[in-house]
Amino acid sequence: QVQLTESGGGLVQAGGSLRLSCAASRRTFRDYLVGWFRQAPGKEREFVASVSWSGGNIYFSDSVKGRFTISRDSAKNTVYLQMNSLKPEDTAGYYCAAALGGSDYDLRAAYEYDAWGQGTQVTVSS
């Protein structure tokens, strides 16, 4: 089972940018779909973006489309979430997740992912 570690969260003003990283250990991301989810206090965990390991399949939620990008570095076994034009409503814990065998699919439900990181907090001030 792949192990995931997120980093890069922090406090930023509205309109600013952050880049989150998700590093895999124990095994590579090959054959996995890697996704980012977020969860604000009192709300359900929601899908943000996903990328297949080939990079050929990329999906975003409507709430972040045009502001966030997702990419992967196969040499570093890491997936990145670049977040631009941040808004206070983007404030949440951000979680990286991996779905084995999911590379060909658009998976947006948390239960469809097999492994999760501990999360990193993103706070956007107004």
Side-chain angles (χ1 to χ4, degrees):
Q1 180 77 307
V2 68
Q3 275 194 326
L4 308 176
T5 304
E6 303 96 334
S7 61
L11 173 64
V12 64
Q13 288 188 329
S17 299
L18 282 174
R19 188 178 79 159
L20 305 184
S21 300
C22 174
S25 60
R26 285 198 175 175
R27 59 173 295 174
T28 70
F29 275 134
R30 187 175 180 175
D31 298 328
Y32 281 89
L33 178 74
V34 180
W36 284 96
F37 287 75
R38 66 187 182 186
Q39 188 167 20
K43 295 188 176 181
E44 292 190 357
R45 191 165 294 191
E46 65 169 346
F47 171 80
V48 175
S50 65
V51 60
S52 61
W53 193 239
S54 68
N57 296 325
I58 292 178
Y59 301 98
F60 294 98
S61 67
D62 288 343
S63 61
V64 307
K65 196 175 295 181
R67 300 188 297 123
F68 291 12
T69 60
I70 189 170
S71 61
R72 83 280 182 269
D73 184 330
S74 56
K76 295 183 178 180
N77 214 25
T78 299
V79 170
Y80 302 100
L81 183 69
Q82 178 66 43
M83 306 185 296
N84 300 324
S85 302
L86 283 161
K87 305 174 181 180
E89 51 263 44
D90 294 318
T91 295
Y94 281 71
Y95 299 86
C96 174
L100 181 60
S103 277
D104 294 332
Y105 303 99
D106 180 6
L107 304 180
R108 302 188 181 222
Y111 73 84
E112 295 175 303
Y113 288 77
D114 308 297
W116 291 84
Q118 299 272 28
T120 185
Q121 178 67 32
V122 171
T123 303
V124 184
S125 63
S126 57

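Computed from a predicted model, the values in this text were never measured in an experiment. In what follows, every heavy atom counts, from backbone to side chain, and hydrogens, waters and symmetry copies are set aside.
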Original post:
Nearest heavy-atom pair of Val34 and Cys96: which atoms, and what distance?
Top reply: CG1-SG, 3.9 Å

**OP:** Find the distance between CG (Leu81) and CZ (Phe37) and round it off to the nearest 0.5 Å.
**Re:** 12.0 Å

Subject >> Side chain proximity check, Ser61 to Arg38, heavy atoms < 4.5 angstrom >> reply: no

Original post:
So, is the end of the Arg72 side chain (NZ or CZ) under 6.0 Å from the ring centre of Phe29 and within 45° of the ring's axis?
Top reply: no

Original post:
Are any non-hydrogen side-chain atoms of Asp104 and Ser52 less than 4.5 angstrom apart?
Top reply: no

Original post:
Between Tyr32 and Ala98, what is the shortest heavy-atom contact and its length?
Top reply: CD2-CB, 3.5 Å

Subject >> Leu20 side chain reached by Glu6 side chain, heavy atoms, under 4.5 Å >> reply: no

Subject >> Ala92 versus Ala40, closest heavy-atom pair with distance >> reply: CB-N, 3.9 Å

Original post:
Would Arg19 count as a cation-pi partner of Tyr80, with NZ or CZ less than 6.0 Å from the six-membered ring centre and within 45° of the ring normal?
Top reply: yes

Original post:
Can you tell me how far CG of Asp90 sits from OG1 of Thr123, rounded to the nearest 0.5 angstrom?
Top reply: 11.0 Å

Original post:
If every non-hydrogen atom of Pro88 is compared with every non-hydrogen atom of Ser126, which pair is closest and at what distance?
Top reply: CG-CB, 3.8 Å

Original post:
With sequence neighbours excluded, what pairs up with Tyr94 under the ring pair (Phe, Tyr, Trp, His ring centres under 6.0 Å) test?
Top reply: none

Original post:
Counting only heavy atoms not in Gln1, do more than 12 fall under 6.0 Å of its CD?
Top reply: yes

Original post:
With side chains defined as the heavy atoms from C-beta onward, is the minimum distance between Trp53 and Asn77 less than 4.5 Å?
Top reply: yes

**OP:** Give a yes or no on whether Phe60 and Leu107 share a hydrophobic cluster (residues Ile, Leu, Val, Met, Phe, Trp, Tyr; joining criterion: side-chain heavy atoms under 4.5 Å apart).
**Re:** no

**OP:** Using a 4.5 Å cut-off on heavy atoms from C-beta on, say whether the side chain of Met83 contacts that of Val124.
**Re:** no

Subject >> Listed once per pair and sorted, the salt bridge (Lys or Arg N to Asp or Glu O under 4.0 Å) pairs that draw on residues 48-66, sequence neighbours left out >> reply: Asp62-Lys65

**OP:** Would you sort out whether Phe47 and Tyr59 count as a ring-ring contact (aromatic ring centres under 6.0 Å, His included), showing the intermediate values?
**Re:** CA-CA 10 Å; Phe47 171 80; Tyr59 301 98; 7.7 Å; no

Subject >> Any side-chain heavy-atom pair of Trp36 and Val79 under 4.5 Å >> reply: yes

Original post:
Going from OG on Ser21 to CG on Leu4, what distance comes out if it is rounded to the nearest 0.5 angstrom?
Top reply: 12.5 Å

Original post:
Would Val51 and Tyr113 show up in the same hydrophobic cluster when neighbours are defined by side-chain heavy atoms closer than 4.5 Å?
Top reply: no

**OP:** Heavy atoms only: give me the nearest Gly117-Tyr95 pair and the separation to one decimal.
**Re:** O-CD2, 3.7 Å

Original post:
Say you draw a straight line from CG of Leu11 to CD of Gln121; how long is it, rounded to the nearest 0.5 Å?
Top reply: 10.0 Å

Original post:
What heavy-atom pair brings Ala115 and Val2 nearest, and what distance separates the two atoms?
Top reply: CB-O, 3.6 Å

Subject >> Cluster check Leu33, Ile70: I/L/V/M/F/W/Y, side chain < 4.5 angstrom >> reply: no

Original post:
Taking side chain as C-beta onward, heavy atoms only, is Leu86 less than 4.5 Å from Gln13?
Top reply: no

